[in-house]
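Read the numbers this way: they start at 1 and go in the same order the structure lists the ligands and their atoms.
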Amino acid sequence: MKITAAVVDERHGPFTVRDVLLDEPRRGEVLVRIVAAGICHTDSITRHGDLPFPLPGVLGHEGAGVVEALGPGVEGVREGDHVVLGWPWCGSCRNCLDGQPRYCLRLGDLLVGGGRSDGSTAMRDLDGTPLASHFFGQSSFATHAVVPYRGLVPVDPTLPLELLGPLACGLSTGAGAVLNVLRPHAGASLVVYGVGSVGLAAVMAARNSGATRIIAVDRHPSRLALAQRFGATDTVNALDTDPVSAVHEICDGPADFSLECTGNPSVCRQAADSVGMRGLCALIGGAPARAEVQLDHLSTLWGKRIVGILGGEGRSTTLIHTLLDLHRQGRFPFHELVTRFPFEHIADALAAAESGEVLKPVLTFAAG
Ligand SMILES: NC(=O)c1ccc[n+]([C@@H]2O[C@H](COP(=O)([O-])OP(=O)(O)OC[C@H]3O[C@@H](n4cnc5c(N)ncnc54)[C@H](O)[C@@H]3O)[C@@H](O)[C@H]2O)c1
Ligand SMILES: [Zn+2]
Ligand SMILES: [Zn+2]
């Protein structure tokens, strides 16, 4: 079928909105009409070649929409269902069987392989040139996507779909890191480096925990002010203050937990240095390709744990439904982070995110 998609033709190239062809859903796939798609920093780093997705291709991995058609062998969704397009997983590898689908052993191919696992792609230009598809199992910068059914998360049809896409990646990543991995204990101290949409989701989640010190570090005063509104007890501007010393001062020693949400390798070191003996430092930010991170060896030996986290860990369905419940109760006000842009204005949306003017741009698609 003919659809409209934002195609990236080459590394560093612009998003070109044009008509392309999309396959019908095959076995295990679902056709979704996209209602809205969030823009995540990971789309930018992929466009610039820091994630190895083949180009020309279609990015977008925070889609939400309505199920229009089912291929054979699909379970758990029906035509007309409202869905968030969560991360794909194979369902049969050791980690999927262990209940850890975020660490599916086939994840690399499923996220950035550029097509289905048999090597085929679902999208072509009108002249037949293949376009890489299935970015994070979706390629949702398009009016329609064919999606492996396992990643889909059906949601209550009375909820505003145009807000829900970012729950697929950025917001789940920050919140899930706190709720699924750090799990701060009563009286814990936690520092979040980088309060963009991922870091702010972490702050909001931490406010729902027993943590009594929630420190936000950033370089934009406006973001620090937002962090305070969403639950940070202390803020540090890294432009004029050494954040590691500031954290030690605020906590009267090292923090119990730190979360790195900037993707800057030198900030990874600051996050590791912010926790002490038996402290837990989680790395989330997406750094440039082949980036390396340094650690202080001796203090790391002291029972310190440094972990990387993908997508907030756990299952998309459980995490997204938890965040929707918290949102309904006024305890996870993520709608305040969202700014809507018509799909055709994708370049403006991206520029606004890159300049820091907008926290979470969401592209909206006219009903078709
Ligand atoms: N691990 C995962 O599964 C996963 C999922 C989604 C996003 N990500 C990554 O998470 C990161 C955050 O995403 P986002 O959408 O919130 O991005 P963002 O650009 O909106 O936020 C990053 C924030 O970090 C701040 N910052 C940058 N350098 C800093 C420094 N030296 N000190 C303090 N603050 C600094 C910026 O001012 C900004 O507010 C990105 O790198 C993204 O690629 C990872
Ligand atoms: Zn798997
Ligand atoms: Zn993302």
Region of [X] that comes within reach of ligand 1 [heavy atoms, distance under 4.0 Å]:
{"X": "Cys261", "answer": "backbone"}
{"X": "Ile309", "answer": "backbone"}
{"X": "Pro243", "answer": "neither"}

Keeping [X] on the side-chain end and [Y] on the backbone end, is there a donor-acceptor pair under 3.5 Å?
{"X": "Asp98", "Y": "Gln100", "value": "no"}
{"X": "Glu260", "Y": "Gly263", "value": "yes"}
{"X": "Arg278", "Y": "Lys304", "value": "no"}
{"X": "His321", "Y": "Pro154", "value": "yes"}
{"X": "Asn180", "Y": "Glu313", "value": "yes"}
{"X": "Ser120", "Y": "Arg116", "value": "no"}
{"X": "Arg223", "Y": "Gly356", "value": "yes"}
{"X": "Thr46", "Y": "Thr42", "value": "yes"}

Can you find an N or O of [X] that's nearer than 3.5 Å to an N or O of ligand 1?
{"X": "Asp218", "value": "yes"}
{"X": "Gly311", "value": "yes"}
{"X": "Ile284", "value": "yes"}
{"X": "Cys169", "value": "no"}
{"X": "Thr42", "value": "yes"}

*What about Leu259 and Val198, same hydrophobic cluster or not, with Ile/Leu/Val/Met/Phe/Trp/Tyr joined at side-chain heavy-atom distances under 4.5 Å?*
yes

Below 4.0 angstrom from a heavy atom of [X], which ligand 1 atoms are there? Numbered from 1 as shown, please.
{"X": "Leu310", "value": "3 (O)"}
{"X": "Cys40", "value": "6 (C), 7 (C)"}
{"X": "His220", "value": "37 (O)"}
{"X": "Gly196", "value": "16 (O), 20 (O), 21 (O), 23 (C), 39 (O)"}

Starting from [atom], which protein heavy atom do you reach first, and at what distance in Å?
{"atom": "atom 20 (O) of ligand 1", "answer": "Arg223 NH1, 3.3 Å"}
{"atom": "atom 42 (C) of ligand 1", "answer": "His41 CB, 3.6 Å"}
{"atom": "atom 4 (C) of ligand 1", "answer": "Thr173 CG2, 3.6 Å"}
{"atom": "atom 10 (O) of ligand 1", "answer": "Gly285 CA, 3.6 Å"}
{"atom": "atom 24 (O) of ligand 1", "answer": "Gly194 CA, 3.4 Å"}
{"atom": "atom 13 (O) of ligand 1", "answer": "Val198 CG2, 3.4 Å"}
{"atom": "atom 29 (C) of ligand 1", "answer": "Arg219 NE, 3.5 Å"}
{"atom": "atom 31 (N) of ligand 1", "answer": "Val267 CG2, 3.3 Å"}

*Without hydrogens or angle criteria, can the side chains of His134 and Glu29 be said to hold a donor-acceptor pair below 3.5 Å?*
yes

_Checking Glu354 against Ser44: is there a side-chain donor and acceptor pair closer than 3.5 Å?_
yes

_Residues His327, Phe332; criterion ring-ring contact (aromatic ring centres under 6.0 Å, His included); working and verdict_ = CA-CA 4 Å; His327 180 256; Phe332 190 73; 7.6 Å; no

*Counting only protein N/O/S, how many atoms fall short of 2.8 Å from the Zn ion (ligand 2)?*
4

*Got an N, O or S from Cys169 under 2.8 Å of the Zn ion (ligand 3)?*
yes

*Contact between Trp87 and ligand 1, counting heavy atoms under 4.0 Å?*
yes

*Heavy-atom contact under 4.0 Å between Gly356 and ligand 1?*
no

*With Arg315 as the cation and Trp89 as the aromatic partner, state whether NZ or CZ is under 6.0 Å from the six-membered ring centre and within 45° of the axis.*
yes

*asked:* Tell me whether the rings of Phe141 and Phe15 are parallel (<30°), tilted (30 to 60°) or perpendicular (>60°).
replied: perpendicular

*asked:* For Trp87 and Phe136, take the angle between the two ring planes, folded into 0 to 90°, and tell me which bin it lands in: parallel under 30, tilted 30 to 60, perpendicular over 60.
replied: perpendicular

_What I'd like to find out is whether the side chain of Val66 reaches to under 4.5 Å of the side chain of Val83, using heavy atoms alone._
no

*Aromatic ring centroids of Phe257 and His185 under 6.0 Å?*
yes

